[in-house]
Peer 1: 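After the structure tokens below, expect a handful of questions from me.
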Amino acid sequence: MLDLRQLRENPTLIEEGLLKRGLKVDLTSLKKDIEKLRNLEQQRSELQSEGNLIGKEVGQQIRNGSKPNSKEILFLRNKGNEIKKKVALLEEEEKTLSKKIKSIILHYPNIPYKGCPEGKDDSANKLIRKWGHPKKDENYKEHWQIAEKLKIIDTERSVRIAKSRFATLFNQGARLERALINFMLDIHTSKGYIEVLPPALINTASLKGSGQLPKFEEEIFRCSEDNLWLTPTAEVPLTSLHRDEIIPFNSLPLKYVAYSPCFRREAGSYGRDTKGLIRLHQFNKVELYWFTNADRSKESHQQITADAESILQALELPYRVIELCTGDLGFSASCTYDLEVWLPGSNAFREISSSSNCDDFQARRSSIRTKQGKQTNLVHTLNASGLAIGRTMAAILENGQQKNGHVKIPEALVPYFGEKELKPQ
RNA sequence: GGAGAGGUGGCUGAGUGGUUGAAAGCGGCUCCCUGCUAAGGAGUUACAGGAGGCAACUCUUGUCGAGGGUUCGAAUCCCUCCCUCUCCGCCA
């Protein structure tokens, strides 16, 4: 959420920021509304102050022995009633106005940080670094072809059970998924992350707090009967872990790692990535999440990104780091690095992690602060996938594929998986 | 699903109409004392909005789960909703 005071005092700065994202917005009328609201608040509180004095006066006189029906007290009560009427009118006006303002600003995304590369779409994204050596020389199969041969993924049965865009894993496939989750959690917790297993069903306030609602309702599965939603990413419950809290300053940064299943409706992606593990309604993910103070959020972003990268390195999967340009940023982010893993089968880099600094955007929506001396400040929040499990499995299948149809398991994963390769069982 | 109890500051917990934004305890912070440690003493310790000094402050409004109502005045009375807990039933 954008800062009301900044909207009032420096709307052009925000207009410029939104414009960089490709949003042309004229904030003059919003600014006027905010000022009007401030005005109403002031008038109202002056009246209330007057009313409070009258209330005290009545109490004083009664304690001094005046009768409740004495002339003086009846006079004061009358006066109090008049004030009450005026206050009620102002309050009503105030409420409509502040509702209007809030509904507008909840729809505005975060503004990009100063150094964010400017551009309209992903063509303006910036290559930051590369790691490993992408295999390009041979004729590689795609991961779903490999998986089919090994009989570790069954899509048709998934349709029977649920519908399209679901996967059912068998044998070594199911085992590999489990191994990857444990492997990633172990690496991150060994670095000081606190492991969390959050609920998969989450409430509306949580989704508003992290920025998924009100704008992206159509992307999230809903249990309308209970007014709960299926979590689209652990980022949501992790943000709400500290919603409406003041975190002690000396416990920052708070670093969490959570495994969670993720559910997405994938509305509007019909026909894209229909095969395999790349785009499913349900997938597993290990998510990293930091609460930190504003001073340290830039360096924290480097660190959380490096922590996500360390998994790819440990699995010997070639990847590159891309900084998203202003037009490609997600709703809550002010700066994002995508980690893209190399998939030799499709001869392309594919997003496997997104690492974002949301600065105080989510913290303001969720009211998460820290106290430094007498000052209470919003914290900064950062998140990074570390990593998406299904896509990691796809990458392992494609990068580890052998000519005989077997798949080599990365060495670091062997203790978790228990075998050195995938082969027909 | 049936019956009951309750939601108060970082926490425990008092408070049923009038200087109660809220006792007390714990915790936190500051200072003092002590040769380290432990113990002790004094003080301090909610959040949000607004106005003014535009800095360390002062004034003001709101906030005791949320919303509405009664009243000159509500944490305290009434209504609605949400949530938590206990017992019984059912069930991993």
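All figures in this text were calculated on a predicted structure; none of them were measured in a lab. Here is how names work: the chains are called A, B, and so on, in the same order as the sequence lines, proteins then strands, and each is numbered from 1.
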Peer 1: Expressed as a whole number of Å, how far does the P atom of B:rC78 sit from that of B:rU16?
Peer 2: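 Approximately 14 Å lies between the P atom of B:rC78 and that of B:rU16.
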Peer 1: Provide, to the nearest angstrom, the distance between the CD atom belonging to A:E46 and the P atom belonging to B:rG62.
Peer 2: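 That distance rounds to 13 Å.
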Peer 1: Quick check: on RNA chain B, is the nucleotide nearest A:N78 upstream (toward 5') of the one nearest A:L53, or the reverse? Name the residue that is more 5'.
Peer 2: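 It is A:L53 whose nearest nucleotide is closer to the 5' end.
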Peer 1: Between A:G51 and A:Q60, which is nearer to the 5' end of RNA chain B once each is assigned its nearest nucleotide?
Peer 2: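 Residue closer to the 5' terminus by nearest nucleotide: A:Q60.
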Peer 1: For A:E92, is the CD atom crowded, meaning more than 12 foreign heavy atoms sit under 6.0 Å from it?
Peer 2: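 At most 12 heavy atoms, drawn from other residues, nucleotides or ligands, come within 6.0 Å of this atom.
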Peer 1: Could you state the atom-to-atom distance from CZ of A:F75 to P of B:rC72 in whole Å?
Peer 2: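 Taking atom P of B:rC72 as the reference, CZ of A:F75 is at 15 Å.
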Peer 1: So how far is it from A:D307 CG to A:K255 NZ, rounded to the nearest 0.5 Å?
Peer 2: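 Here the rounded value is 6.0 Å.
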Peer 1: Once you round it to whole Å, what is the distance between C1' of B:rG73 and NZ of A:K79?
Peer 2: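 My rounded result for the distance is 15 Å.
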Peer 1: Rounding to an integer number of angstrom, what distance separates B:rG53 and B:rA39 when you compare their P atoms?
Peer 2: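 Straight-line distance between the two P atoms is 48 Å.
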Peer 1: Sticking with atom C1', work out how far B:rC72 lies from B:rC31, rounded to a whole angstrom.
Peer 2: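 Rounded to whole Å, the distance is 46 Å.
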Peer 1: Is any side-chain nitrogen or oxygen of A:K85 closer than 4.0 Å to OP1 or OP2 of B:rC72?
Peer 2: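 Result: no.
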Peer 1: Nearest to the side chain of A:R63, heavy atoms from C-beta on, is which of B:rG68, B:rG18, B:rC72?
Peer 2: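 In terms of side-chain proximity for A:R63, the closest of B:rG68, B:rG18, B:rC72 is B:rG18.
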Peer 1: Name the closest nucleotide to the A:S45 side chain, picking from B:rG50, B:rU61, B:rC72.
Peer 2: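 Nearest nucleotide to the side chain: B:rU61.
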Peer 1: Less than 4.0 angstrom between a side-chain N/O of A:S49 and OP1 or OP2 of B:rU61, yes or no?
Peer 2: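 Affirmative; the distance criterion is met.
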Peer 1: May I ask you to decide if A:I111's main-chain N or O and A:R21's side chain share a donor-acceptor pair within less than 3.5 Å?
Peer 2: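 Not at all, since once roles are kept as given, no pair shorter than 3.5 Å links the two residues.
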Peer 1: Think A:R44 has a side-chain N or O under 4.0 angstrom from the OP1 or OP2 of B:rG49?
Peer 2: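 The answer is no; no side-chain N or O of A:R44 sits under 4.0 Å from OP1 or OP2.
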Peer 1: For B:rA51, does either OP1 or OP2 sit under 4.0 Å from a side-chain N or O belonging to A:R38?
Peer 2: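 A:R38 to B:rA51 OP1/OP2: side-chain N or O found under 4.0 Å.
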Peer 1: Nearest whole Å is fine: how far is B:rU60 P from A:L40 CG?
Peer 2: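 About 22 Å, once rounded to whole Å.
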Peer 1: What integer number of Å spans the C1' atoms of B:rA56 and B:rG40?
Peer 2: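 Nearest-Å result for B:rA56 against B:rG40 at atom C1': 32 Å.
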Peer 1: Could you walk me through whether A:E94 and A:R44 satisfy the salt bridge (charged side-chain N to carboxylate O under 4.0 Å, His left out) test, starting with their C-alpha distance in whole Å, then the side-chain angles of each, then the deciding distance to 0.1 Å, before giving a yes or no?
Peer 2: CA-CA 9 Å; A:E94 239 181 284; A:R44 192 212 59 216; 2.7 Å; yes
Peer 1: Roughly how many Å is it from CG in A:N227 to P in B:rC81, rounded to a whole number?
Peer 2: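 It works out to 15 Å between those atoms.
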Peer 1: Looking only at atom types and distance, does a side-chain atom of A:Q401 sit under 3.5 Å from a main-chain N or O of A:K141, one as donor and one as acceptor?
Peer 2: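 Looks like yes, one N/O pair under 3.5 Å.
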Peer 1: On the nucleotide B:rC47, are OP1 or OP2 found under 4.0 Å from the side-chain N or O atoms that A:T376 carries?
Peer 2: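 Checking A:T376 against B:rC47: at least one side-chain N or O falls below 4.0 Å of OP1 or OP2.
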Peer 1: Quick one: label A:I62 by what it contacts on the DNA or RNA (base, sugar-phosphate, nothing), any heavy atom closer than 4.0 Å.
Peer 2: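 Touches a base.
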Peer 1: Provide the distance between the two P atoms, one in B:rC79 and one in B:rU20, to the nearest whole Å.
Peer 2: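 To the nearest whole Å, 29 Å.
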Peer 1: What interatomic distance, in whole Å, is found between C1' of B:rC77 and the corresponding atom of B:rA24?
Peer 2: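 It comes out at 27 Å once rounded to the nearest Å.
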Peer 1: Going by an N to O cut-off under 4.0 Å, is there a salt bridge joining A:R350 and A:D273?
Peer 2: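 Salt bridge: yes.
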Peer 1: Just by distance, with hydrogens left out, do A:Q61 and A:E57 show a side-chain donor and acceptor under 3.5 Å apart?
Peer 2: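 A pair is found: one side chain offers a donor N or O, the other an acceptor, under 3.5 Å apart.
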Peer 1: Check A:R279 with A:E266, please: is the shortest side-chain N to carboxylate O separation under 4.0 Å?
Peer 2: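 Yes, this pair counts.
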Peer 1: Measure the distance from CD1 on A:I83 to P on B:rU71 and round it to the nearest whole Å.
Peer 2: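 For the pair A:I83 CD1 and B:rU71 P, the rounded distance is 16 Å.
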Peer 1: B:rG10 P sits how many Å from A:F249 CZ, rounded?
Peer 2: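 It is 19 Å, rounded to the nearest whole Å.
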Peer 1: Which nucleotide in the set B:rC47, B:rG62, B:rG18 lies at the smallest distance from any side-chain heavy atom of A:Q48?
Peer 2: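 Closest nucleotide among those given: B:rG62.
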Peer 1: Could you go step by step and tell me if A:F331 and A:F361 meet the ring pair (Phe, Tyr, Trp, His ring centres under 6.0 Å) rule?
Peer 2: CA-CA 10 Å; A:F331 186 75; A:F361 187 82; 5.7 Å; yes
Peer 1: Counting any heavy atom closer than 4.0 Å, what does A:K84 reach on the DNA or RNA strands: base, sugar-phosphate only, or nothing?
Peer 2: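 Since a base atom lies under 4.0 Å of A:K84, the category is base.
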Peer 1: May I have the distance from A:L90 (atom CG) to B:rU60 (atom P), rounded to whole angstrom?
Peer 2: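 One finds 20 Å between P of B:rU60 and CG of A:L90, rounded.
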Peer 1: I'd like the C1' distance from B:rU12 over to B:rG67, given in whole Å.
Peer 2: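 Between the two C1' atoms, the distance is 29 Å.
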Peer 1: Would you say A:R8 places a side-chain N or O within less than 4.0 Å of OP1 or OP2 belonging to B:rG49?
Peer 2: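 Checking B:rG49 against A:R8, no side-chain N or O comes under 4.0 Å of OP1 or OP2.
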Peer 1: Counting only side-chain nitrogens and oxygens, does A:R369 get under 4.0 Å of the OP1 or OP2 atom of B:rA48?
Peer 2: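 Answer yes for this pair, as a side-chain N or O of A:R369 is under 4.0 Å from OP1 or OP2.
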Peer 1: Within less than 4.0 Å of OP1 or OP2 of B:rG28, is there a side-chain N or O belonging to A:N250?
Peer 2: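 False: A:N250 side-chain N/O out of range (4.0 Å or more) of B:rG28 OP1/OP2.
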Peer 1: Expressed as a whole number of Å, how far does the C1' atom of B:rG18 sit from that of B:rA75?
Peer 2: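 B:rG18 and B:rA75 have their C1' atoms separated by 14 Å.
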Peer 1: For B:rU61, take OP1 and OP2 only and decide whether either is under 4.0 Å from a side-chain N or O of A:N52.
Peer 2: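 Answer yes for this pair, as a side-chain N or O of A:N52 is under 4.0 Å from OP1 or OP2.
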Peer 1: Other residues, nucleotides and ligands only: do more than 12 of their heavy atoms fall within 6.0 Å of CD on A:Q302?
Peer 2: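 Enclosed.
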Peer 1: For RNA chain B, what are the stems built from at least three Watson-Crick or G-U pairs in a row, each pair having both distances below 3.5 Å?
Peer 2: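 Consecutive-pair runs (3 or more) involving RNA chain B: B:1-7 with B:82-88, B:10-12 with B:24-26, B:27-32 with B:40-45, B:46-52 with B:57-63, B:65-69 with B:77-81.
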